[in-house]
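What follows is a set of notes on a single structure, which appears directly below.
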Protein chains: 2
Amino acid sequence: MPPKTKLRDPAAEITFGALPDLIGYQLRLAQIAIFRDFAQTLGSYEISPGLFGALVIIEANPGLKQTELARATRLDRSTVVSLVDNLERRALVERRSAAGDRRSNALQLTPAGKALLKKLQRLVAEHEQRLAANLSAKEQLTLVKLLEKIFPEYR
Amino acid sequence: MPPKTKLRDPAAEITFGALPDLIGYQLRLAQIAIFRDFAQTLGSYEISPGLFGALVIIEANPGLKQTELARATRLDRSTVVSLVDNLERRALVERRSAAGDRRSNALQLTPAGKALLKKLQRLVAEHEQRLAANLSAKEQLTLVKLLEKIFPEYR
DNA sequence: TATTGTTATACTCTATAACTATA
DNA sequence: TATAGTTATAGAGTATAACAATA
């Protein structure tokens with residue numbers, strides 16, 4: 001007799017094979033959930049995790065060039081152009097002329113950008129509390145430390 | 001004098017403000033690196049983490065319906081249509097007629113699908129070893145356990 | 001009425017390649 | 001020659017809404 005695939009009991013639970021043991025899989029699942037909560041938390045502001053990160057980096061490094069922002073965010077230079085377009089259209093970021101190199105832009109938050117970022121940071125802190133609701137303070141620290149050990153050579 | 005934004009020293013390193021302490025941020029960084037290594041590892045096979053996960057789930061639950069696959073992968077039903085189209089076009093998955101309900105498809109791996117999945121699983125195991133290269137066996141286990149505690153209500 | 005799969009459509013995120021202006 | 005920013009374009013991945021077939 002040829003080997004036939006045994007079909008599953010349609011009433012049975014779906015199983016996930018070896019997936020749940022994979023770090024990559026659990027990380028992806030966690031991120032899907034995190035992304036949804038993030039979007040819901042910042043709902044009215046139309047700010048993605050990527051845009052939030054860019055705002056934080058620009059605030060921490062006022063005057064940085066787009067190429068530097070691209071490196072810091074792991075995005076292509078061309079992708080950063082639309083990202084900055086987006087933030088500038090909303091008057092959160094300004095492209096200033098950089099002192100000493102007329103090719104590059106010096107990025108800065110506008111006062112409105114700074115004010116918005118303050119609000120966002122409060123909301124993101126709440127979001128972090130929610131995602132870590134089942135983790136002790138010590139576990140949260142451990143988690144960050146372990147995540148930092150994944151492909152540290154690419155950071 | 002009006003408060004002026006102090007520009008950063010152009011020779012200085014870029015800093016990341018409060019981002020590195022955020023679980024969500026570290027998770028995103030880790031995932032970007034993992035995704036790139038995954039793609040490189042499975043390079044010639046054109047299989048994304050999502051497609052790999054779908055193959056594993058179909059193998060573990062032969063005969064499952066598209067709607068069930070959608071739930072398991074956290075994708076919309078319509079997204080699963082193109083996912084299955086993709087795998088069926090490559091003769092890795094078959095849509096069989098489901099016994100007892102002519103609306104639904106019973107999904108199964110083809111022999112070619114099973115053979116490919118075996119190869120992929122070996123490659124993914126290598127990929128996991130690489131991403132966890134800096135983690136002890138105990139740390140790997142801890143990491144998975146901690147990740148499972150993030151928004152468990154969405155799993 | 002409700003569910004399954006499907007289609008048409010659109011939106012977000014991202015990259016590659018080619019261009020320009022400056023260095 | 002090389003770099004900074006830009007544009008045009010394309011591809012992946014995803015979702016929403018409306019529909020036909022079937023339950």
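Reminder, nothing fancy here: chain letters follow the sequence lines and each chain counts from 1.
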- Task: In whole angstrom, give the distance that lies between atom NZ of Lys65(B) and atom P of dT22(D).
- Result: 16 Å
- Query: Between Ser78(B) and dA17(D), is there a side-chain N or O to OP1/OP2 distance below 4.0 Å?
  - Reply: no
- Task: Starting at atom CZ of Arg74(B), determine the distance to atom C1' of dA15(D), rounded to an integer number of angstrom.
- Result: 17 Å
- Under 3.5 Å donor-acceptor, Glu88(B) side chain and Arg95(B) backbone: yes
- Task: May I have the distance from Arg96(B) (atom CZ) to dG5(C) (atom C1'), rounded to whole angstrom?
- Result: 19 Å
- Note on the structure: Whichever of Ile32(A) and Leu64(A) has the more 5' nearest nucleotide on DNA chain D, that residue is Leu64(A)
- Round to the nearest Å and state the distance from Asp85(A) atom CG to dT12(C) atom P. 14 Å
- May I have the distance from Arg95(A) (atom CZ) to dG5(D) (atom C1'), rounded to whole angstrom? 8 Å
- If you look at every strand shown and take non-hydrogen atoms under 4.0 Å, does Leu83(B) touch a base, only sugar-phosphate, or nothing? nothing
- Message: Measuring to OP1 and OP2 of dT3(D), would you say a side-chain N or O of Gln66(A) lies under 4.0 angstrom away?
- Response: no
- To the nearest angstrom, the CG-P distance between Asp76(B) and dA12(D) comes to 20 Å
- Item | ring-ring contact (aromatic ring centres under 6.0 Å, His included) contacts touching residues 26-69 of chain B (sequence neighbours left out) | Phe38(B)-His127(B)
- At under 4.0 Å between heavy atoms, what does Thr67(A) touch on the DNA or RNA strands: base, sugar-phosphate, or nothing? sugar-phosphate
- Under the 3.5 Å rule, do the base of dT3(C) and the side chain of Arg103(B) count as making a donor-acceptor pair? yes
- Nucleotide nearest Ser104(B) when distance is taken to its side chain, options dG5(D), dA15(C), dT4(C): dT4(C)
- Query: Hey, does Arg36(B) reach any base, or is it just sugar-phosphate, or nothing, if we go heavy atoms under 4.0 Å?
  - Reply: sugar-phosphate
- Query: Are Leu55(B) and Ile14(A) co-members of a hydrophobic cluster defined by side-chain heavy atoms under 4.5 Å apart?
  - Reply: yes
- Item | First of Gly100(B) and Arg77(B) reached from the 5' end of DNA chain D, by closest nucleotide | Arg77(B)
- Whether Gln26(B) side chain and Asp21(B) backbone form a donor-acceptor pair below 3.5 Å: no
- Message: Expressed as a whole number of angstroms, how long is the span from Leu69(B):CG to dT6(C):P?
- Response: 12 Å
- Message: It should be established whether Ser82(B) places a side-chain nitrogen or oxygen under 4.0 Å from OP1 or OP2 of nucleotide dG13(D).
- Response: no
- Message: Applying salt bridge (Lys or Arg N to Asp or Glu O under 4.0 Å), can you list everything that pairs with Glu94(A), at least two apart in sequence or on another chain?
- Response: Arg96(A)
- Message: If you assign Phe35(A) and Asp101(A) each to the DNA chain C nucleotide with the nearest heavy atom, which residue ends up on the more 5' nucleotide?
- Response: Phe35(A)
